[in-house]
2 protein chains.
Amino acid sequence: MKKSLTIHDIAKIADVSSATVSRVLSNSSYPVSPELRSKILRIAKEHNYVPNLLGKQLKTKTSMTIGVIIPTITNSFYSSVILGVEEIARKNNYQVLLCNSFQNPELEDKYIQGMFEKQVRGLIISSISSDKKQLKHFIDMGLNVVALDQKMDMPDVCEVDFDYNKGGYMATRHLIGKGHKHIAYVTAPLDRPSRLSIHNGYLTAMREAGLEPLVEEGGRESYSGTYEFENGKMLTRRLMNGGWRPSAIFACNDMTAFGVVGELAALGLKVPQDVSVMGFDGIDFGQMITPPLTTVLQPTYEMGRIACDMLLDMLLDGKKPNSGIMLLPELLERDSVAEPSVGPAAETAAGTMH
Amino acid sequence: MKKSLTIHDIAKIADVSSATVSRVLSNSSYPVSPELRSKILRIAKEHNYVPNLLGKQLKTKTSMTIGVIIPTITNSFYSSVILGVEEIARKNNYQVLLCNSFQNPELEDKYIQGMFEKQVRGLIISSISSDKKQLKHFIDMGLNVVALDQKMDMPDVCEVDFDYNKGGYMATRHLIGKGHKHIAYVTAPLDRPSRLSIHNGYLTAMREAGLEPLVEEGGRESYSGTYEFENGKMLTRRLMNGGWRPSAIFACNDMTAFGVVGELAALGLKVPQDVSVMGFDGIDFGQMITPPLTTVLQPTYEMGRIACDMLLDMLLDGKKPNSGIMLLPELLERDSVAEPSVGPAAETAAGTMH
DNA sequence: CTGTTAGCGCGTTCAC
DNA sequence: GTGAACGCGCTAACAG
């Protein structure tokens, strides 16, 4: 195993001081004569010089890396966000330290500590931890934080948010606009701000239209990877066995909507002829099922890019950008929503109007 | 912004030397009297001491972080692998630096260089770069590498492999066992070892059974996120317009299979009654479509865990484990494959036998 | 323009 | 059992 060179080795070979070598190799603006510069550059290249950033970082107190903490990378929402984060990071010569917290607060804290020890001073986090004490402490010590997806409500923490409320409202309005009156909402547990907001949007739209809402809420979630899907199936079964048969079902996310579609098929019901289905998220897989899923698009990649941009602004300029940003939803109209048929479901609906 | 303490600050407060503080706080085996030990521990805790790992790493020449380079995290195959990698890393107090190469060799090289500069000495990589010169150099300099998914054929590089060949063979055998004679294989470009292997397994099984193979190969791929799906659709269209109508279609991966299923539906054909479809990968979404996809399971999470274990072995013991490991495929029987019907497709098949 | 020197925070000899 | 002193690789102040 070959030993790697230091600036001192290069200095010795070039017969100059290590300071000069440093000035050249670190692209310092400090003046160095063209001859020496090219000579040092040549020698460094010849010997495959690779700088040891630890030395540099120790001195300059900057580790060119940012941390990202998310629940789990296998959720395509987050993997897409990360792709955006990494793109911006790369363009600024930063690297990304990835952590999956599984929504475990202790793990989350441990990760933050570990990153701070490595002198990471920029963090993008989708946090669930209710106890912000530790994070607060690190922020005092110089950590810059951008919150993603989940609100933090902390001073000095920038947020990249998405208008879940409006998304829920838009989706419901779309269904109403198609003529639906019996619109059910199926959701994972309403224990997170984002879910509550979508739910709220749904309720608002229903109320506005003078329609009676019907919400089915799932049980405690697990990280099986198919929880959402199973939840969608289960809630649909419950829904269709109830007396109040919806002509449209709105799901809190696309994976849950897949479950809804699957269960509807199992019950012999056609989408969208018999029942319309609306998702939320806009993941790629939505267009791969039959029929392609009508849904609300959440600009995940863009969220990642923006979050990283904000973080780098904080890191470089030391200035805190406008406290936050709110991204807007967009309706992705595909084929899983249609006007209610004049079948039994619609007739029941008409019946309730008298 | 508060300033963080160093061991010297702690030493001053405790009225001892920084050496003693270091010995206590770094869990050194060096003997220190119990009184001093507890005193130092107490003071460190009271003052929220957080070690600066850069100093430690500079001294000990070990950065407790491993690098992972993959084509793109949005591919659920890789995100699942990474989850496994990170779990093992975390249990060993390592952290993960994530890079998406988009199969761009220059980006790949740049990332490797960047990591090496940060003193990362362990790398898990799914490389596409044909020019291994740079990597070879870094290995000489002390980089430990585990290749994932893509063979590297380099000495000193451990491989975690999957028996794609056998997987392709098993899938085809399964179809044959169900009574299919007209089995087509649709695939993304055969430009990667893994794809060639699956293809090979298919050919072998067909040849053994005295059946005529039919392969449809897609055009150059992009990273649109839905390339595989579109490719599956396109190839299916081409296939069903041809004279030789298959009773079963085997796709090189699940996403492509989704495209096959979707296009078949668009053509008015039912799966599996009219045409059977077999996927490859075993991603979670496979069970979320209708009908649930029969496929070959690739133990991605396990691959990640094993790769990371191997890497840590190399890193800690300095020893190179047995050069590689090969994971075996498993058939995941769901509902997209059935016996061929006695419809037109089967009759045509029978016809060719005479 | 160039070199000398002094740390960054930590671990580790080597004396005591 | 403890402390003083040195150095990991690099940058930045200062002097020339």
Side-chain angles (χ1 to χ4, degrees), chain A residues 2-41 43-44 47-64 113-114 116-121 141-142, chain B residues 2-41 43-44 47-64 113-114 116-121 141-142:
Chain A
K2 280 187 276 186
K3 197 184 155 302
S4 41
L5 303 178
T6 72
I7 49 171
H8 297 101
D9 300 322
I10 302 288
K12 194 160 290 177
I13 299 173
D15 197 34
V16 295
S17 78
S18 54
T20 307
V21 177
S22 169
R23 296 199 258 255
V24 172
L25 263 25
S26 63
N27 287 317
S28 160
S29 61
Y30 209 90
V32 174
S33 74
E35 304 86 61
L36 275 191
R37 178 178 297 277
S38 61
K39 179 180 181 185
I40 290 170
L41 250 18
I43 293 181
H47 292 73
N48 282 313
Y49 168 73
V50 177
N52 180 338
L53 288 195
L54 294 186
K56 180 193 187 116
Q57 291 170 0
L58 182 58
K59 179 72 186 172
T60 58
K61 298 172 184 305
T62 54
S63 75
M64 300 286 281
Q113 164 108 18
F116 199 84
E117 291 180 354
K118 285 187 177 158
Q119 307 309 107
V120 170
R121 290 296 175 269
M141 304 291 289
Chain B
K2 280 187 274 184
K3 196 185 156 301
S4 37
L5 303 179
T6 71
I7 48 172
H8 297 100
D9 301 322
I10 303 286
K12 194 159 290 177
I13 299 172
D15 196 33
V16 294
S17 77
S18 56
T20 308
V21 176
S22 169
R23 295 199 257 257
V24 172
L25 262 26
S26 65
N27 287 318
S28 160
S29 61
Y30 208 90
V32 173
S33 74
E35 304 86 61
L36 276 191
R37 178 178 298 276
S38 61
K39 179 180 183 186
I40 290 170
L41 249 19
I43 293 181
H47 291 76
N48 281 314
Y49 169 72
V50 178
N52 180 338
L53 288 195
L54 293 186
K56 179 193 190 112
Q57 291 168 1
L58 182 58
K59 182 73 187 173
T60 59
K61 297 171 185 305
T62 54
S63 76
M64 299 286 282
Q113 165 108 18
F116 198 85
E117 291 180 353
K118 285 186 178 160
Q119 306 309 107
V120 171
R121 288 299 174 267
M141 304 291 287

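The shortest non-hydrogen separation linking A:Lys2 to B:Met141 is CB-SD, 3.8 Å.
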Please walk me through it: do B:Tyr49 and B:Ile7 pass side chain to side chain contact (heavy atoms under 4.5 Å, CB included)? CA-CA 8 Å; B:Tyr49 169 72; B:Ile7 48 172; 3.5 Å; yes
Test side chain to side chain contact (heavy atoms under 4.5 Å, CB included) on B:Val32 and B:Thr20; report intermediate values, then the result. CA-CA 7 Å; B:Val32 173; B:Thr20 308; 4.0 Å; yes
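Across the protein-nucleic acid pair, B:Ile7 atom CD1 and D:dG7 atom P stand 17 Å apart, rounded to whole Å. In this structure, A:His8 atom NE2 and C:dT5 atom P are separated by 12 Å, rounded to whole Å. C:dC10 atom C1' lies 15 Å from atom CD of B:Gln119, rounded to whole Å. B:Asp9 has its CG atom 15 Å from the P atom of C:dG7, to the nearest Å. Atom CG of B:Leu53 and atom C1' of D:dC8 are 15 Å apart (whole Å). For A:Lys12 and C:dT2, the NZ to C1' distance is 18 Å, given to the nearest whole Å. In this structure, CD of A:Gln57 is placed 13 Å from P of D:dA12, rounded to the nearest angstrom. If you measure from atom CG of B:Leu54 to atom P of C:dG11, you get 12 Å, rounded to the nearest angstrom.
Considering only side-chain N and O atoms, B:Thr6 lies nowhere under 4.0 angstrom from the phosphate OP1 or OP2 of C:dG9. Phosphate proximity of C:dT2 to A:Ser33: present, with a side-chain N or O under 4.0 Å from OP1 or OP2. OP1 and OP2 of C:dG9 both lie 4.0 Å or more from every side-chain N or O belonging to B:Ser22. Regarding contacts with the backbone of D:dG9, every side-chain N or O of B:Lys59 stays at 4.0 angstrom or more from both OP1 and OP2. For B:Thr20, no side-chain nitrogen or oxygen approaches OP1 or OP2 of D:dT2 to under 4.0 Å. Contact between the side-chain N/O atoms of A:Tyr49 and the OP1/OP2 oxygens of D:dC10 is found at a separation under 4.0 Å.
Residue-to-nucleotide contacts include no donor-acceptor pair under 3.5 Å from the side chain of A:Tyr30 to the base of D:dT11. Between the base of D:dG1 and the side chain of B:Arg23 there is no donor-acceptor pair shorter than 3.5 Å.
The line from OG of B:Ser18 to NZ of B:Lys12 is 10.0 Å long, rounded to the nearest 0.5 Å.
In summary, the side chains of A:Thr62 and A:Thr60 do present a donor paired with an acceptor at a separation below 3.5 Å, with no hydrogens or angles considered.
Between A:Leu25 and B:Gly55, the one whose closest nucleotide on DNA chain D sits nearer the 5' end is B:Gly55. Heavy-atom distances to DNA chain D give each of B:Ser17 and A:Leu58 a nearest nucleotide, and the one nearer the 5′ end belongs to B:Ser17.
Within 4.0 Å of A:Ser28, counting heavy atoms only, lies no atom of the nucleic acid at all. Counting any heavy atom pair closer than 4.0 Å across all strands shown, A:Lys56 reaches sugar-phosphate atoms only and no base atom.
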